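Presented below is the structure to which this report refers.
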Amino acid sequence: MIRFKTKKSEACGDYSPQAFKPKKNKTISGGNLFYASIVALPLLQFIVFYVVVNFNSFLMAFQSYDNSAGKVVIGYTFDNFAYFFDKIVFADLWLCIKNSSLYLALNVVVCIPISLLFSYYVYKKFRLSSFFKVILFLPSIVCSTAMVIFYKYFINEGLSGLFGGSVIGPVYNDKQQAVLIIFYLLMTFSANILLYINAMSQTPDSVVEASKIDGANEIGTFVHVIIPQIWGTIVSIIVIFFAWFATNQAYLFTFYGFNTNREYQTIGYYLFNMVQDGRFTGSSLEQMYRKASALGLMLTALVAPVTILIRNLMLKYGPNEN
């Protein structure tokens, strides 16, 4: 008689959990190693350039620096916060706040609606849409420094007869801020249109065709079909604009370097100059690092809740795809 050897689990009917326990896949550990190697670098960058930097910035807001000793004074102070409530300092800061608010209002009220209309025109491939696409994309393709040089030369030299001389320069000119705003809007249009056209191109053709069958004209299609479809993109851009309130320089450094007239400065440019002043180690200006950190905390406490509130309200009460 021939006997066949069988495993105990097979011969005796062992149905215990151990009998059905799957074998470990050797590729799992290899997959984890590959995943870890991919995630390690961005995670390290996040820790170093976001967590560490911001944590140090938070501490610096409450620190004082002793120039004679060349070290941080032990203990914490609120002098860096009180500095901005000085009458003269607050007057300059308030002027920057008004300019930043002006750019924010222009972004939301002027730039977004016009960008949406131009994007829809290009998306629908109306007459000369390809030409407009190239013209509107140029500011995004060409270096902003080159655009500033060209624009400054065009205004100061090409249109000097219209303006009665050079307009863009370190000396105050009543026409200068309007000229700067026009340049800023042109540059912002370009970036917005690129995002809107990409979002509109994701709209299903069947949805657009269904709206036409229901009798919707171009305006109806734009308002009731396209806008709801890309509402998430619109909300994201508005959130970015509000978050930019405290950092937007409006290309002032590219135009003027460190010599922008105080009448045109934004909060972003004001903070940038403070950090640049604080880079001189061992000088009295090094305390500017601490003051810039304090101003950054105050602006964050002001801007962050407003930005989150605006986002939530727009997502809750705005149009949707349904």
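Bear in mind the structure is a predicted one, so any value in this text is a computation, not a measurement. One-based numbering along the sequence shown.
- Seen from the ring of Y83, K291 counts as a face-on cation partner, given the 6.0 Å and 45° thresholds.
- Ring centers of F62 and F58: under 6.0 Å apart, within the cut-off.
- No option in Q265, E263, Q177, R262 other than Q177 meets the side chain to side chain donor-acceptor pair (under 3.5 Å) test with N99.
- A centroid separation of less than 6.0 Å is found between the aromatic rings of F258 and F253.
- Across all their heavy atoms, T300 and P305 have their closest contact at O-CD, 3.7 Å.
- Taking all atoms of both residues into account, the shortest heavy-atom contact from N80 to R290 is ND2-CB, 3.4 Å.
- Using a 3.5 Å distance cut-off with no hydrogens or angles, the side chains of N261 and Y256 do not pair a donor with an acceptor.
- No side-chain heavy atom of F222 sits under 4.5 Å from any side-chain heavy atom of K124.
- Screening L159, N173, N156, I168 for a side-chain contact (heavy atoms from CB on, under 4.5 Å) involving V179 leaves a single residue, I168.
- Aromatic ring centres of F118 and Y196: separated by at least 6.0 Å.
- Q63 and Y76 form no side-chain donor-acceptor contact under 3.5 Å, judged by distance and modelled atom types alone.
- Checking side-chain atoms of Q176 against main-chain N and O of G169 turns up a donor-acceptor pair under 3.5 Å.
- For OH of Y172, the number of neighbouring non-hydrogen atoms (other residues, nucleotides, ligands) closer than 6.0 Å is greater than 12.
- For an aromatic pair to be called close, the ring centres must be under 6.0 Å apart, and Y50 with F46 satisfies this.
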